[in-house]
Structure formats: C-alpha cells, structure tokens
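Data block below; observations after.
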Amino acid sequence: MPKKRSGSGLSATQQAAKFLGVSVLAGAVMAGIALPAAGALGLAAKGSVKGFDEIPANLKSPQLSQRTNILDSQGNQIAAVYSRDRTVVDLKDISPYMQKAIVAIEDSRFYKHGAIDLKGVLRALNKNAQSGGVAQGASTLTQQLVKNYFIEEAGDDPTKVAEATQQTLGRKIRELKYAIQIEEKLGKKKILENYLNITFFGEQAYGVEAAAQRYFSKHAKDLALQESALLAGIVQSPSRYDPVNDEAEATKRRNTVLQRMAEVGDISQAEADQAKEKPLGLHPSQPKNGCITAIDGAGFFCDYVREVFLTDPVFGKSREARAKLWNQGGLTIRTTLDPQSQKSAQASIKDHVYKSDAVATAATVVEPGTGKILAMGQSRPYGFGKDETQINLSVNQNMGGGAGYQPGSTFKPIVAAAAIEGGKPATQQYSSPYEMYYPSPVAACDGKTWHNDPGKPAKLTNENASEHGPYGMKEATAKSVNTYYVQLISDIGICPVTDMAKRMGVERADGRKIDQAPSIALGTQEMSPLTMANAYATFASRGMYCTPVAIESITQQVGSEKKSLEVPKSTCSRAMSEKTADTVSTILKGVVEDGTGQEAGLGSRPSAGKTGTTDKRYAAWFVGYTPNMAGAVWVGDPAHKRRMTNITIGGIPHDKVYGGEVPGPIWRDMMTGALDGKPAPDFQLVDIPDDNKGGDRGKGRGGNDDGNNGDNTGGLIGGLIGGLTDGGTTGDTTGATTGDTTGGTFPTPTFSLPGNFIQGQTNGGNGNGFGGRKG
C-alpha cells in the first residue's frame, strides 16, 4: 500500500487523486462543461464546486513592493530604503536566457497549456504514487504567480503569510480559479514578466533585476546563459541553493537547469556542457537598504524624512495606512537637502568633534523664508556599533530625537524680540547688578503670577564681579548678561515671551509646555537644534516664521506609470514686525562682531548669532544666520552626564568649553562652505545708539573654575523654590531656575544643580520648585 504522511488522513496518491478531480472539475466548470459525479471523487468535487463558485471573480494584482529612492534637492541619491529589494523591469529588459531558464526548470510546458497543466498533474500523480510521497509538484507558472500575489498581499504579517502558503485544498482551488482568470486577462508574456518581477531569489532580492544586481552586480538584461541558469535554479529553494553560502549545491542546481534547457531544446547539449564547466562567476554586491547607507552623513536626515512620511496625515489618514504606503515603496522622494550644505556641515563636524569623543555635536541648517532643511548632521554616525546611534540629536523626540538640550543664552534673543515687539526700545536699560534675587512678583499667562519664595528666594549672578550695569540691550546681549535679561522678562512678563516663542516655532523637544517662570529667559527649556535654527531663520527672514519642511516632491511607480503624491508644504506666518526682526539682527550682528560670538564670524559676509553655555557646561551652543541661511550647532553629552571641563574634543584639550569657542567655529566652517558661491546680502540694520556707560566691562573670562560662585551657592539653593499663584490663591506653581553665560568673549555659567533637583507640588507659592539647571 502507498505510504501515508504523518498526520494526514489520505495517502499521497489519494490526495493527488482528489486534487486531480477538483482540478479537472474546476477547469470544466469554467469551460461550461458538465461532468458526471461518480464515487468518492465525484462527491469531493461536488463539495468543492460550491466553494469554487463562491470565490470572488476578480483577482486584483497587488502593487509590488519596491525600493524607495531618497534624493537630495539636486536629484542625487541619498539612500535607498525598502521592505523588499525589488526593481520592476519590462520583459524586454530581462535576458532571453533568463526567460528560457525559468520556464525550462519551473514549467517547461508553459506555452502549451492553459492555467492548469493536466498532463503535468498526471505526471506528478504518477511520480508521487511511485515514491509514496510528494516528489513532484504540478503548479504552473501562472499558479505560482497567483501564490506569490497572495504572499505579496500578506506583507510581513506572519499569520497572513501562513494563510497564503498553507497546503490546503481550499487554497489550491482559489489559486486555480485566479490562475484561469489571469491566463485570459494577461497572456503568457505578461505572466512571465510578472513572475520574474515578483518571485524571491534569496539574499533579500525580490525579482530578477534585484537578483542580478545582488549576485552578479549587473542588470537582468545582461545575464549570460550560466548566470541565468543559476538564478532560475535558486527559485525552488532560495536557502538551499544560495550560491553565496553553498557554492557546491548551487553549482549542482545550476547544471540541472542547464541540462533541462538542453532537453527541452532551448540550447544545444554542447552549449549546456560548455556552460556547466564555467565557474559560478559571482560578483556579489551587498544589499544597501535603509538610512544607514546614506551618503555624506545624511542618515539622520533620511530618518527624519521617514518620520515625516509616517506622521503627516497628507500621506494617509492613519499611521498604519502611511506605513503600508511606505513599505510598499516604489517612491522617488526629492528632498530639500542641499548637497553643498550637507557636505560642508559634515566636514566641519568631522574636523572639530570626533565620533569617539566623550561628547557629541549636532548641526542643522535651514533656509529663511521657506523652511527648507538644507543640512542635518552629527558627530556620532547613524548605526548600531560603538560610538554610533540611531537617535537624531537634531530633532524633537516625537521625530526620532532625544529629549533636547537647554539652549542657554541662545534663547535670550527671543526675549528681546518679545520686548521690542511689545514696545520696549532697544536702548532699554536695567541696573543689571552682578548678583540679584529674581524680581517678584512677575506676571505670567492666564492671569497667574510667578512669585519668588520669600523664605528662600532664588538668586542669580553674572559671570564675575566686574559684570554690573547699567546696561542697554545691545551691550547686555553682546556680553550675555544674565541679570539684564531676568530684569527684562520680569518687566514685560512671562506670557509675551512664551507667546513669541510659540509664533517662532520654539517648543520643548519633549513636547511639554514651556515653564511659566522668569528663568526661561536664560534658556532652561530643552530644545533641539532644528527648532533653534528655524527660530533664528525668523530673524533672518525679517519676522516671517516658516514651518520646517524636508520633502520637495514624491512620485510613485504604479505599474508602468508614475504618479505624483501630495507632500506637506511649509506654512509661513508673521511672528513679529520687520522692524523688530531688523532690530534683533542689528543686536546679534554685534554679538558676532564685538561680543561672545567673535570666533563664529564669517569675515566680510554679514552674519549674526548668539552663543549659549549651560550650567556646569553640559551643553554649549552657537545659533546664527545670514539673510539667506540659518544654522544651529549644539555640543554636549546627550545623556547630560559629562561636564565639558578638562575635556578633549576633536583632539584639542579644553579647561572649559564655551559656546563661542567650540560650537562657534563649527558653525563658522559649516556656514562658510555652505554659502560658498552664494550671494552675500546685508541685513536691514537699524540705528541703536551705543550705550557707553558700561565701558569695556566684561571683556575677560574670569569666574570660578566650576561655574559656581563660592558662598553664593548655598543661598541660591536655599532660594530655588518659587511658583505661580493666581491672585494669591493656591494654584499651579513653577519654581525658578537660573544661571547662564555672561560677560566676556567666553562667558561662564553662574551655577548649576543636578537635573530635577527640586520638583514637587505645594500650595501658596511654595510649591513645584524646578531644579536649578540653566541654559
């Protein structure tokens, strides 16, 4: 008796006979022929006919998943990404040898039968009966194409893949009906073309074009006889016949294909024998998939483009729908990335900060007036190895970044803009003493008031005792005077500042709201480089804020046609008047020319900007701009653990790191290269009378080595608790933070405390102290 397979109720012969009956019946039904039902086979067939008729009449060919090409603004490829490496090609672009080889080994009667090869079924039945198992299949290329359609539709869902490949009578019947439909609709040549484009050839290669590139580094149209035979042989079992991992087994299989081609008359025996003697001739290329392969350090920008695609509703109503479109691929995405700016940014980063350094740097460049992201890079490469990371240090947390970094004094121009927009003159003076308590009370939003804790009032200082006012805004900004800016925000109120920040697109990197405390003037709220670069671009564009954009256009390959997809557009709005923006630019031009940002200057090209160094030097910044380009550079420890004192960065030792000393030169070199050959327009400057009352105060560095201020530290800690109150009643509270860079070319932060030193909720203005980390 024939042997039974374990777990099956029917022998192999019985199963084949049952399949044959259904196959013949199915073909007959579709042909309009009535066959009598007889015996068990007839009953089996009868039971299956109902299911056959209930199968939907139309099989929709799936849109084959393909690689997506991400390009820069000039059309150069940044990276290729795909869920399945496939490039669809026409039959005319596939070697005739390849076409003959796949037909010879998979379905030699392909051009002689319809959707079902009854002679092949009988042959398989006989073969399997003799072996007592399943020694030979009977699926035609058309049936295999249908099966691959089901697999393609299943995507990466393991349950759906199992359903698409399960060896059941129901699946076979469904496969047969659709195969008949496809034969009538497509014809033999199109079926062969589709099959060669959809089938899996191992080594991440889907379709013959990807396979030709993977194994031989050539196009499918250029495949020789022996190469075609090798690829055709792989299809039956891509893992078993993988030539990269088992050359001997792959060679045997290739020769089997060659012999079969000779047997069916596609080639002569002499040609087959000659080809069998040739080596495999592999010239493999490594699969290049994903943002990790991006050129010029653009991996993080590539990843940002992906995040934009997955989060923006313009690409689909749900994240699931957007992910399906992304994984389907076949997209050509032209981005805003400027190759000149990107190369310059990455070159500057590489020159100044090594990937193995204890700290990292991230830099972003944007175009004022358009929101276009021109460059995005960092010192720790995109990857999984040592000194590599997948966290994009330039962007907000919800776009693949971290929780952000305190921007320090680079936030002060936003306070200045709010004050000027509200009517304060740029000549506004404050006493700006060396040290002071936070003024109290200070008006906040929603009718609330911030109060310093009268029991333990928070205090702040400038960098050293020689730093004392009175100062006007221009000099206070050039020297980054803390006490001036705390007096300024206390005068105008907190809400105008947070409102201005919102209009400039300035938000915390972790998505939280900006705290309602006067200490925000000193840059205590964690921001990302992209946020700060785009905010300063608002000054450069004379008050117009434009949301950042990374994508210029997208085309999708659908069959042999291409269609354009809608992409997100930058929306621009006026954040401040032209006069306010021009005034801030005039002030920040002085920072570069005479203040803390002198090492960031661009020579004869007009530029403006601001330095920032946070408490205990966990981070240092330079953010600046010209009328046609804005950029931000951050240097620090992403984990906020390594202080930048007694540290070597880029091979250069530093006792202390200043915003103008390390980030400044990175910004200078980055912008110099990015702007090379581009126009050098000047700012629309305003006349701000110089205030000489301060003389040459604060030109030196000074300050204590640890950034603290000796005996003042204890009193400062004792006074860190304050909060918001609503008309003196119990309400939400937010404590004061303080500190920053002040005075001199390289100002030193005044104090520092561990992050989250004090956090809590209490009543009556004594609650919710926020640890004294500054920026």
Subject >> Sidechain N-carboxylate O distance under 4.0 Å for E526, R508 >> reply: yes
Subject >> 4.5 Å side-chain heavy-atom contact, I666 and F622 >> reply: no
Original post:
Below 4.5 Å, heavy atoms only, C-beta onward: do T498 and Q516 meet side chain to side chain?
Top reply: yes
**OP:** Would you please say whether a donor-acceptor pair under 3.5 Å links the side chains of E421 and T580?
**Re:** yes
Original post:
Would you call the rings of Y405 and W634 parallel, tilted or perpendicular if under 30° counts as parallel and over 60° as perpendicular?
Top reply: parallel
Original post:
Is there side-chain contact between V415 and F411, with at least one heavy-atom pair below 4.5 Å?
Top reply: yes
**OP:** May I ask you to test the V623-V633 pair for a side-chain heavy-atom distance under 4.5 Å?
**Re:** no
Original post:
Once the angle between the rings of F309 and F315 is folded into 0 to 90°, is it parallel (under 30°), tilted (30 to 60°) or perpendicular (over 60°)?
Top reply: parallel
Subject >> Whether over 12 other heavy atoms sit under 6.0 Å from K424 NZ >> reply: yes
Original post:
So do the side chains of Q378 and N392 get within less than 4.5 Å of each other, counting heavy atoms only?
Top reply: yes
Subject >> Geometric cation-pi criterion, R617 with Y658: 6.0 Å, 45° >> reply: yes
Subject >> T370 versus E367, side-chain donor and acceptor atoms under 3.5 Å >> reply: yes
**OP:** Could you please spell out the steps behind the side-chain hydrogen bond (donor to acceptor under 3.5 Å, both in side chains) verdict for N396 and S528?
**Re:** CA-CA 6 Å; N396 290 348; S528 69; 3.0 Å; yes
Original post:
Counting only N and O atoms by type, is there a donor-acceptor contact under 3.5 Å from the side chain of Y536 to the main-chain atoms of T410?
Top reply: yes
**OP:** Mark yes or no for whether N462, through its side chain, and V481, through its backbone, hold a donor-acceptor pair below 3.5 Å.
**Re:** no
Original post:
Ion pair present between K372 and E552, side-chain N to carboxylate O less than 4.0 angstrom?
Top reply: yes
**OP:** Please say which of L488, N482, V486 ends up in a side-chain contact (heavy atoms from CB on, under 4.5 Å) with Y484.
**Re:** L488
Original post:
Between R334 and D72, is the closest basic N to carboxylate O distance under 4.0 Å?
Top reply: no
Original post:
Any idea which heavy atoms bring V584 and P413 closest together, and the distance?
Top reply: CG1-CB, 4.3 Å
Subject >> Donor-acceptor contact present, side-chain T361 to main-chain V353, <3.5 Å >> reply: no
**OP:** Please answer whether the main-chain N or O of R642 pairs with a side-chain N or O of D637 as donor and acceptor at a distance below 3.5 Å.
**Re:** yes
